[in-house]
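What follows is a single structure, written as C-alpha cells, with notes after it.
As the structure is a computational prediction, the values presented were derived from the model and not from experiment.
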Amino acid sequence: MQLSPSAHVDTFCRDHLPPDGLWPDLRFSLPELRYPERLNAAAELLDVTSGERGGGRPCLLSPELTWSYEDVVRISNQIAWVLTDELRLVPGNRVLLRGPNHPWLAACWLGVLKAGGVAVATMSLLRAGELAAICEIAQVRLALCDHRFTAELAAAGVAGLQVITYGAAPEDDLVQRVKPMPRNFSPVDTAADDVAMIAFTSGTTGRPKATMHFHRDLLAIADTFSARVLKPRAEDVFAGTPPLAFTYGLGGLLVFPLRAGAATLLLEKATPAELAEQIEARGVTVLSTAPTAYRAMLAAGQAGRLRGLRRPVSAGEHLPASTWQAFYDATGAAIIDGIGSTEMLHIFISSADEQIRPGSTGRVVPGYEAAILDDEGKLVPDGEPGRLAVKGPTGCRYLADDRQRSYVQDGWNLTGDTYLRDADGYFWYQARSDDMIISAGYNIAGPEIEEVLLGHPDVAECGVVGVPDEARGQIVKAYVVLRAGATGDEAKAAELQDYVKRQIAPYKHPRAVEFLATLPRTTTGKLQRFRLRARDETG
C-alpha cells in the first residue's frame with residue numbers, strides 16, 4: 001500500500017499497520033472523497049468550518065456550558081500548545097483520553113489531532129485491567145483525564161504514564177494550564193493517511209482489537225453517511241447517548257455537527273426522562289442513540305418532548321420494525337436506522353425519509369459497496385442469507401493483530417453479521433454470524449424472535465439465544481424483562497410462547513423462557529448475548 005510521506009516523528013502507528021496483502025480494498029468513488037495529500041482533520045472540521053460559517057455560532061454545549069466555534073478553536077489551540085510546549089508531545093505520540101461526554105473531552109480530542117498526536121479515547125466506565133490493556137497495545141505514555149475518573153487509571157499501574165487532569169482547580173490541571181497559552185496554533189501538517197485515532201472495539205471477549213483510522217477517514221464518514229443520508233443543517237442541534245470513545249458517538253456527536261457547522265449537546269449521562277427533557281429544553285433536532293433508548297423514552301411517557309426531533313438515528317443493534325412504528329406513531333419522526341462498525345468507523349448501510357422500509361437496515365450509503373457472500377466468498381442470490389461484506393473509503397486496519405486476516409478477506413470487510421439483500425437492494429438483518437441458532441436442522445435468527453416478543457404488550461426488553469440441548473443440538477431460549485406490573489411466571493412464559501407461534505413459524509418459538517430484571521449490555525448499549533449463553537453453559 002503506497003502511503004504519503006508522514007508527519008509523524010513517532011512512527012509507531014505506521015510501523016504497526018497491517019501488511020499490504022491484508023488491507024481492504026478502498027473505494028473513493030465520490031468526487032468529495034478525493035482529499036488532498038496533506039490534511040489535518042481537526043483543522044478541517046473545526047477551523048475551516050468556523051471560518052466559513054462564522055465563529056460566533058454555538059458549537060459545544062452542555063447543561064452548564066455554551067462554547068462558540070471561536071471558543072472551541074481557541075481552547076483546542078491552547079490544548080495543542082500545552083501538549084507540544086509543556087508535555088513535549090511529538091507528532092505520532094498516542095494520547096489516551098478518559099472521561100464522560102463533555103465539551104472539555106471534545107476539545108482535548110481536537111487539540112490532540114491539531115498537535116499531530118493520535119487520540120485514543122476510552123469510555124469512562126472502563127476498569128483498571130481494561131485500561132492497562134489499551135495502554136499496552138497502543139503504547140500510551142500520556143493521558144488527559146477528567147479529574148473525577150483518575151482512580152482506575154492509577155490502579156492500572158501503567159509504567160511511565162503521565163496523567164494530566166482536566167476540570168479541577170490545581171495549577172497543574174489542564175484547565176489552568178491552557179489559560180496563559182497563545183490563542184493561535186498552526187496545526188501539524190499531517191498526511192491525509194496519517195493515523196489520527198485508535199479506536200478499541202467494544203462488546204467483545206478476549207484481547208481488545210485496536211482499529212487505526214486516518215485523518216481523511218474522519219472526513220469521509222461526514223461526506224458519505226452524514227452528507228448523503230442524514231443531511232444535517234447548520235441550524236441543527238445534535239445530541240445522543242453513545243460515548244465519544246465509541247465511533248458511533250464520535251461521528252454523531254462531534255464529526256458530523258462540526259462538518260455541518262451545527263451545535264452539539266454533550267450529556268454525561270441521562271435517564272430516558274432526563275434525555276427527553278434535554279431534547280425539548282435545548283431544541284435538539286438530531287439524536288443518535290440505540291433502539292433500547294427509543295423504547296425507554298416511549299415507555300417513560302416522554303413522547304411529547306420528542307416531537308421536535310428532525311433526524312432520530314439508530315445504530316449499535318438491530319432496530320425492530322415494531323420499535324420504529326411505535327416511535328413514528330408517537331412522535332411523527334421517522335428513525336433513520338443504520339449499521340456501522342468500529343472497523344469501518346461509522347455507518348455504511350442506511351436509508352432516510354421515503355426510502356425507509358421499517359425492519360430493514362436500508363440500502364448502501366453512497367460511497368460504499370456491500371455484498372452478501374457465502375462461506376467460500378461467493379455472492380449469494382438476493383433473498384438468501386449470508387455474510388455481510390463491505391468496501392468503501394474507510395476499512396479495517398487492526399494494530400498488529402492477526403485477526404486482520406479474519407475481518408478482511410479478498411479485499412472485503414466482513415462485519416460478522418448475517419444479512420440478506422432483497423431485489424430492491426435493501427439489506428435485512430438476520431443475526432450476528434455467531435448468534436445463528438441451529439435447532440433440529442433449522443437455522444433460526446434470534447433477533448427475528450426478539451422482534452416478535454417486543455410486540456407483546458408486557459415485554460419491555462428481551463434477548464434470544466441458542467442453548468445446548470441433547471435432542472435438538474440447541475433450543476431457542478428467550479430472556480425477558482417485563483414491563484412494570486407484569487408477573488413473570490409459568491403462565492406468562494406459556495403466553496409468550498403461544499404469542500410467538502401465532503406470529504411466525506412455530507418451530508422458531510422459544511422452548512425456554514426466563515425472566516430477568518435487566519439484560520446484560522455493554523457500556524454502549526449493545527446486548528451481550530454471549531453472557532446470556534454463558535448462564536446456561538455454567539448452569
Looking only at atom types and distance, does a side-chain atom of Asn101 sit under 3.5 Å from a main-chain N or O of Leu244, one as donor and one as acceptor? yes
Check step by step if side chain to side chain contact (heavy atoms under 4.5 Å, CB included) holds for Gln278 and Val284. CA-CA 8 Å; Gln278 288 291 328; Val284 172; 5.9 Å; no
Contact summary for Arg483 and Ala299, nearest pair of heavy atoms: NH1-CB, 4.0 Å
Take a 6.0 Å sphere around NZ of Lys231 and say whether it holds more than 12 heavy atoms from other residues, nucleotides or ligands. no
With Glu277, which residues qualify under salt bridge (charged side-chain N to carboxylate O under 4.0 Å, His left out), at least two apart? none
To the closest 0.5 Å, what do you measure between SG (Cys462) and CG (Leu527)? 8.5 Å
Do any N or O atoms from the side chain of Thr289 and from the backbone of Gly240 form a donor-acceptor pair under 3.5 angstrom? no
Less than 4.5 Å apart, any side-chain heavy atom of Leu267 and any of Pro63? yes
For the CD atom of Glu514 and the CG atom of Leu532, what is their distance to the nearest 0.5 Å? 9.0 Å
With rounding to the nearest 0.5 Å, note down the distance linking CD1 in Ile339 to OG1 in Thr415. 5.0 Å
Before accepting this row, confirm whether a basic side-chain N of the pair Glu461/Arg521 lies closer than 4.0 Å to the acidic partner's carboxylate O. yes
Checking Arg127 side chain against Leu125 main chain: does a donor-acceptor pair fall under 3.5 Å? yes
Side chains of Tyr398 and Thr201, donor plus acceptor under 3.5 Å: no
Any pair counted as ring-ring contact (aromatic ring centres under 6.0 Å, His included), so long as it reaches residues 458-479, sequence neighbours left out: none
For the residue pair His346 and Tyr248, categorise the inter-ring angle as parallel (less than 30°), tilted (30 to 60°) or perpendicular (more than 60°). tilted
Does the distance from a Lys or Arg side-chain N to an Asp or Glu carboxylate O, for Asp469 and Arg511, drop under 4.0 Å? no
What pairs with Pro385 under side chain to side chain contact (heavy atoms under 4.5 Å, CB included), at least two apart in sequence or on another chain? Thr418, Gln430
May I ask you to test the Phe256-Ser288 pair for a side-chain heavy-atom distance under 4.5 Å? no
Kindly state each residue pair satisfying ring-ring contact (aromatic ring centres under 6.0 Å, His included) with at least one member in residues 264-302, sequence neighbours excluded. Tyr294-Phe327
Okay, side chain of Gln497, backbone of Pro510: is any donor-acceptor separation there less than 3.5 Å? yes
Interatomic spacing from CD1 in Ile279 to CG in Leu265 - rounded to 0.5 Å: 9.0 Å
Salt-bridge contact Lys209-Asp401 (side-chain N to carboxylate O under 4.0 Å): no
How long is the gap from OG1 on Thr285 to CG on Leu309, to the nearest 0.5 Å? 7.5 Å
Salt bridge (charged side-chain N to carboxylate O under 4.0 Å, His left out) partners of Glu130, counting only residues at least two apart: none
In terms of heavy-atom contacts, does CZ of Phe515 have more than 12 from other residues, nucleotides or ligands at under 6.0 Å? yes
Over all heavy atoms of both residues, which pair between Val452 and Ile504 is shortest? Give the atoms and the distance, please. CG2-CG2, 3.8 Å
Which pair of non-hydrogen atoms, one from Ala106 and one from Leu254, has the smallest distance, and what is that distance? CB-CD1, 3.9 Å
Validation row: Val480, Leu516 side chains within 4.5 angstrom (heavy atoms): no
Flag this pair as yes if the NZ/CZ of Arg98 is under 6.0 angstrom from the six-membered ring centre of Phe149 and inside a 45 degree cone about the axis; otherwise no. no
Would Tyr429 and Ser360 count as having a side-chain donor-acceptor pair, cut-off 3.5 Å? no
Check Glu268 with Arg148, please: is the shortest side-chain N to carboxylate O separation under 4.0 Å? yes
Between Asp337 and Trp324: side-chain donor-acceptor atoms closer than 3.5 Å: no
Distance (rounded to the nearest 0.5 Å) between Ile349 CD1 and Thr361 OG1: 6.5 Å
Checking Asp217 against Thr394: is there a side-chain donor and acceptor pair closer than 3.5 Å? no
Before you tell me yes or no, could you show the steps for Ile437 and Ile475 under side chain to side chain contact (heavy atoms under 4.5 Å, CB included), namely the whole-Å CA-CA distance, both residues' side-chain angles and the distance that decides it to 0.1 Å? CA-CA 8 Å; Ile437 303 165; Ile475 60 168; over 6 Å; no
May I ask you to decide if Asp424's main-chain N or O and Asp422's side chain share a donor-acceptor pair within less than 3.5 Å? yes
Without swapping roles, check the side chain of Arg259 against the backbone of Ala222 for a donor-acceptor pair under 3.5 Å. no
For Ala491, does its backbone N or O pair with a side-chain atom of Asp489 as donor and acceptor, under 3.5 Å? yes
Validation row: Ile372, Leu388 side chains within 4.5 angstrom (heavy atoms): yes
If a pair satisfies salt bridge (Lys or Arg N to Asp or Glu O under 4.0 Å) and one of its residues is in residues 278-301, list it, with sequence neighbours excluded. Glu280-Arg305
For His456 and Glu495, which I'm curious about, is there any donor-acceptor pair between the side chains at under 3.5 Å? yes
Are the side chain of Ser62 and the backbone of His102 linked by a donor-acceptor contact shorter than 3.5 Å? no
Can Glu343 and Arg403 be counted as an ion pair, charged N to O under 4.0 angstrom? no
Tell me if the centroids of the rings in Trp109 and Trp104 come within less than 6.0 Å of each other. no
Check: Arg311 side chain, Leu230 main-chain N or O, donor-acceptor pair, under 3.5 Å: yes
Can you confirm whether Ile335 sits close enough to Val313 that some side-chain heavy atom of one is under 4.5 Å from a side-chain heavy atom of the other? no
Hey, is the main chain of Ala290 close enough, under 3.5 Å, to the side chain of Ser314 for a donor-acceptor pair? no
Is a salt bridge present between Asp417 and Arg387, judged by a nitrogen-to-oxygen distance below 4.0 Å? no
